[in-house]
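The next block holds one structure in the form of structure tokens; read it before the comments.
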Amino acid sequence: MGPLFVPDDEALPAVRDALPAVGAGIYLDTGSAGPLPAEAAAAMAEIAEWELRTGRAGPDRDDEVALRLDEARAAVAAVLTADVDEIAITSSGSEALALAVWAVDWQAGDRCGTTTVEHPGLLGPLAALRDRAGVEVVRVAAGPEIDEARLLAALDEALTVGARLVAISHVDGVLGRRLPVGEIAALAHARGALVLVDGSQAAGAIAVDAPALGADAYALSGRKWLLGPGGGGAVWVSRGWRGRSRLVSPGARSFARIAPPGTAEPWPDARRFDQPAPYLPTIVGFARSVGWLSMLVGLEWTHRRGVAQAGAMADRLAAIPGVMVLTPRERMATLVTLRIAGWTAEAALAELGARSFAIAATVAGLDAMRIGIAGFNGAAELERFADTVELLAGHSPATLPPRRTLTILGGDGG
């Protein structure tokens, strides 16, 4: 059986009907923001209308917010294979990462290891950590030319005396590669360092068992593969991390709710990470989107279809003369990064959008395109995209045949 409790051959149309945005084009940019389920949009509109009519204060307001946060927490816990009391709901994946970064008891001269393919949502807090706390942030090379053995060796070399944290992606958003989190965690823990994983390109796309990965904290964005609205995120915090860490952030309001600066008070559970004044429609939409994906569609179906179709697309594209797939086939998830010879990424993406209505992204610094393939994508639209890539690869921008145009006559026949 497929999602929505119907046979597999009927599942895809049912899922696509529930995601109106997939009718606007070939939706291949879930890695930036996924299509919002109609059910989640309706729930958000309902709670926004309720707030408009009844206000956002009152004797029962705190209880209502706590209930909605718990709903989102439970939904995320199911995705991460974690306990509910280990999940905190944040305003974004970037906030989740920042909270975890600043939760370590940093001292000047400490060291943090990361890679060169991390998202700005992680690199920003690490830069602040370097500039404001005197922590040495070591970024090891992890580009297309770096294989797993060289990456592990470089991280091992970086984890010298004073290493307190390794902060990495589960699936990096540049190459779409699954990093060897388990092996990295073993290296880090052997040196006494904690491990923070950015799961924004993994949670909802591939199966995740955060505790089994060996990570100490796992952050995610709600608006990508979990199909939630903008403004939702979460972080899983292990009991071991909570027992070893304390708050040292210099005065930010969201951190002040965890513990007074400079104290060594451990956190009783991850709820202390929760954003202090959440926008209720966002929390409701986040919970409903994740719940819809988990319970009505089914994570197994989503993961299986997305990974299988992404692998098939990587093979299809790699077989086209003039196309270079940068994503390592043996370590890919659901993102595929590619180049087309003779084309800049921007020019190729513009032409693909105009000819096949493809919605994708470019990768800054690589002059490459990135597509994200989800369970809701259909085989026919993916083949149409690949056919258009093949057309571009067989031409230069100067020799590409002109697009077909449709003449629309006015009511007077002119």
Side-chain angles (χ1 to χ4, degrees), residues 80-82 86 93 96-104 106 110-123 125-127 129-130 135-203 205-221 235-242 244-245 326-335:
L80 299 185
T81 323
E86 297 173 337
L97 289 165
L99 283 166
V101 165
W102 281 103
V104 177
W106 294 106
D110 285 345
R111 175 173 284 207
C112 174
T114 189
T115 79
T116 55
V117 292
E118 301 307 326
H119 187 273
L122 175 58
L123 295 179
L126 293 182
L129 182 69
R130 177 197 61 203
V135 172
E136 183 182 6
V137 177
V138 181
R139 296 179 65 189
V140 303
E145 74 287 355
I146 304 297
D147 60 20
E148 183 174 314
R150 291 174 64 188
L151 176 62
L152 289 170
L155 278 170
D156 188 33
E157 184 178 350
L159 295 175
T160 57
V161 175
R164 302 296 304 279
L165 180 70
V166 177
I168 55 169
S169 293
H170 191 174
V171 175
D172 79 71
V174 174
L175 298 175
R177 171 183 53 190
R178 287 182 291 111
L179 295 182
V181 175
E183 292 88 338
I184 292 171
L187 288 175
H189 292 157
R191 304 296 180 85
L194 294 162
V195 178
L196 166 62
V197 177
D198 178 0
S200 295
Q201 296 295 354
I206 61 175
V208 176
D209 186 333
L213 274 174
D216 297 290
Y218 193 101
L220 59 84
S221 169
V235 58
W236 166 80
V237 186
S238 72
R239 289 177 172 81
W241 179 307
R242 297 199 303 270
R244 292 178 56 185
S245 306
L326 303 179
T327 305
R329 181 65 175 87
E330 69 281 1
R331 296 207 62 84
M332 68 178 295
T334 53
L335 294 173

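Index from 1, following the sequence.
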Q: Starting at CZ of Arg177, measure out to OG1 of Thr327 and round the result to the nearest 0.5 Å.
A: 9.5 Å

Q) Which distance, rounded to the nearest 0.5 Å, do you find between the OG of Ser238 and the CG of Leu213? A) 12.0 Å

Q: Quick one: do Thr81 and Val208 satisfy side-chain contact (heavy atoms from CB on, under 4.5 Å)? Show the steps, please.
A: CA-CA 7 Å; Thr81 323; Val208 176; 5.7 Å; no

Q | Donor-acceptor contact below 3.5 Å, side chain Ser169 vs main chain Glu118 | A | no

**Q.** Worked verdict on Leu155 versus Glu183 for side-chain contact (heavy atoms from CB on, under 4.5 Å)
**A.** CA-CA 10 Å; Leu155 278 170; Glu183 292 88 338; over 6 Å; no

Q.
To the nearest 0.5 Å, what is the distance between CG on Leu80 and CD on Glu86?
A. 10.0 Å

Q. Is there a side-chain contact (heavy atoms from CB on, under 4.5 Å) between His119 and Gln201 once you walk through the steps?
A. CA-CA 10 Å; His119 187 273; Gln201 296 295 354; 5.9 Å; no

Q) Just wondering, do Thr115 and Asp172 contact through their side chains at under 4.5 Å, heavy atoms? A) no

(Q) As an exercise, state the distance from CG of Leu159 to CD1 of Ile184, rounded to the nearest 0.5 Å. (A) 9.5 Å

Q | Option among Leu126, Leu196, Val104, Val101 that satisfies the side chain to side chain contact (heavy atoms under 4.5 Å, CB included) test with Cys112 | A | Leu126

Q: Measure the CG-CG distance between Leu152 and Asp147 for me, rounded to the nearest 0.5 Å.
A: 9.0 Å

Q | Derivation and outcome, side-chain contact (heavy atoms from CB on, under 4.5 Å), residues Asp216 and His189 | A | CA-CA 10 Å; Asp216 297 290; His189 292 157; 2.9 Å; yes

Q. Do any N or O atoms from the side chain of Arg331 and from the backbone of Arg178 form a donor-acceptor pair under 3.5 angstrom?
A. yes

Q) Is a donor on one side and an acceptor on the other found under 3.5 Å between the side chain of Thr114 and the backbone of Arg139? A) no

Q. In Å and rounded to the nearest 0.5 Å, what is the CD to CZ distance from Glu136 to Arg130?
A. 11.0 Å

